[in-house]
Every structure is written in C-alpha cells, then in structure tokens.
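The block underneath contains the structure these notes are about, expressed in structure tokens.
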Amino acid sequence: MIITIVSTLMLMLGYFLMLYGTVGFIQDKRLFSSAPKENLAVIPDKKERFKGAHIIGWIIVIIATCLFVGAFALAIWEGAKNGFGTLRFFARFITMLYAMEIYDIIFFDWYLLCRSNFFIHFYPELKSVNRSHFFGYNKKEHTIHFIVYIPVCAMLALGLGTLLS
C-alpha cells in the first residue's frame, strides 16, 4: 500500500512538473492541446521568456518523464518482489491512474485553471477570459481516460502476472 501511495505521488509530481515545464518555460502552444480553446485563442506565440528558458523547460519535462517511468518501475519492482499476481497488479495500477486523473480534475482543472492565477502569471492575456466556466470543459476526455485505464491496467497486470508466474 505504501509503495502504491509513493508511486501515485510520483505520478502527480511528474504531472505537475510536465505542466510547469511546458507552460512556464517552453511556452509552445503545440504542447497545450488539452487547454480550453478560448485560452488557446488569446495566448500569443512567444519566444523564450529569457535566455535558456526552453532548456530549463525541457530539463523539467525530462525529470517529469523520469518520475512517470520511475513510478511504474517502483510499483512493478516492489510487486514482483512481493509476489503480486494479476489482480494485485491491476488494483495497484488502476489506483495509481485513477488517483492521477482525480488529481488532474481537482488540482489542474478546478484549482489551477478556474481558481488560481497560475496560467495568468505566465500569460497575462488570459485575464480577459472568464475562467469559472472552464471546470468540466474536458469531461469527455476524463471519461475516456477512466474507461481506457481499465483495459490498459488489465493488460499490463495480466502481462506482468503471466511473466512473473
């Protein structure tokens, strides 16, 4: 259980760092595909905020990717060490991914997008956009994620269960 929590926290930190690196430093609209269309319309194409900003952003994104990979590596390694079968691996993976999706909905969508000035700090042009109605703008994507995570976790758990038995 502790490893599941640690792995989930690693995913959440990686997810935040991915957002921070892309929004705060790389600032390439092509990386904002999940942003509300109203936001994308007012965000200008920017050059580097300062010399080296893109490099810093890409370093942050690489660290975030390492956290994602590390979270699953830790979850798999500890599960294999403790003799997890298919069902326990499935429970671990679905818990991790569902918690990450809920974190996305509550922290990213509700708090960062609708309640805080996180995005406005990097893009002052967003002050003119009414943010309160954005909560739930991507509910279709979240629903798809919740559904797709089930077979993905099942296949991953089945593969690990078969491989390790």
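Shown here for I60 and L17, the closest heavy-atom pair between the two residues is CG2-O, 3.1 Å. Of all heavy-atom pairs between L19 and T22, the closest is O-OG1, 3.1 Å.
Linking Ile, Leu, Val, Met, Phe, Trp and Tyr residues whenever their side-chain heavy atoms come within less than 4.5 Å places Y98 and I5 in a single cluster. Hydrophobic cluster membership is shared by I76 and I2, with clusters built from Ile, Leu, Val, Met, Phe, Trp and Tyr side chains linked at under 4.5 angstrom. Under the 4.5 Å side-chain heavy-atom criterion for ILVMFWY residues, a single connected hydrophobic cluster contains both F107 and I102. Both I63 and F68 sit in one connected hydrophobic cluster of ILVMFWY residues. Membership requires side-chain heavy atoms under 4.5 Å apart, directly or through other members. I150 and L156 fall within a single hydrophobic cluster, where Ile, Leu, Val, Met, Phe, Trp and Tyr are joined by side-chain heavy atoms under 4.5 Å apart, directly or via other members.
Remark: side-chain polar atoms of N82 are paired, donor with acceptor, to backbone N or O of E78 under 3.5 angstrom. Within the 3.5 Å criterion, the main-chain N or O of I106 finds no donor-acceptor partner in the side chain of Y111. Side chain of R88 to backbone of G79: no donor-acceptor contact under 3.5 angstrom is found.
Between F146 and I94, the closest side-chain pair of non-hydrogen atoms is not below 4.5 Å. A heavy-atom distance below 4.5 Å is found between the side chains of F16 and Y20. Using a 4.5 Å cut-off on side-chain heavy atoms (C-beta onward), F90 and T95 make no contact. Residues F25 and W58 have side chains not in contact (no heavy-atom distance under 4.5 Å, counting atoms from C-beta outward). Counting heavy atoms from C-beta on, the side chains of L97 and H145 never come closer than 4.5 Å.
Within the hydrophobic cluster formed by Ile, Leu, Val, Met, Phe, Trp and Tyr side chains joined at under 4.5 Å, directly or through other members, V148 is accompanied by I144, V152.
From L163, atom CG reaches atom CG of L158 across 11.0 Å, with rounding to the nearest 0.5 Å. Atom CD1 of I59 and atom CD1 of I26 lie 10.0 Å apart (nearest 0.5 Å). The CE atom of M100 lies 9.0 Å from the CZ atom of F108; values are rounded to the nearest 0.5 Å. The distance from atom SG of C153 to atom CZ of R92, rounded to the nearest 0.5 Å, is 12.5 Å. From M96, atom CE reaches atom CG of L74 across 8.0 Å, with rounding to the nearest 0.5 Å.
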Go through F89 and F93 one step at a time and tell me if the ring-ring contact (aromatic ring centres under 6.0 Å, His included) criterion holds.
-> CA-CA 6 Å; F89 271 124; F93 296 145; 5.7 Å; yes
Just list the side-chain donor-acceptor pairs under 3.5 Å for residues 6-13, sequence neighbours left out, or say none.
unit_1	atom_1	unit_2	atom_2	d
S7	OG	I3	O	2.9
S7	OG	A71	O	3.2
T8	OG1	T4	O	2.7

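Here Y149 pairs with E101 under the side chain to side chain donor-acceptor pair (under 3.5 Å) rule; sequence neighbours left out.
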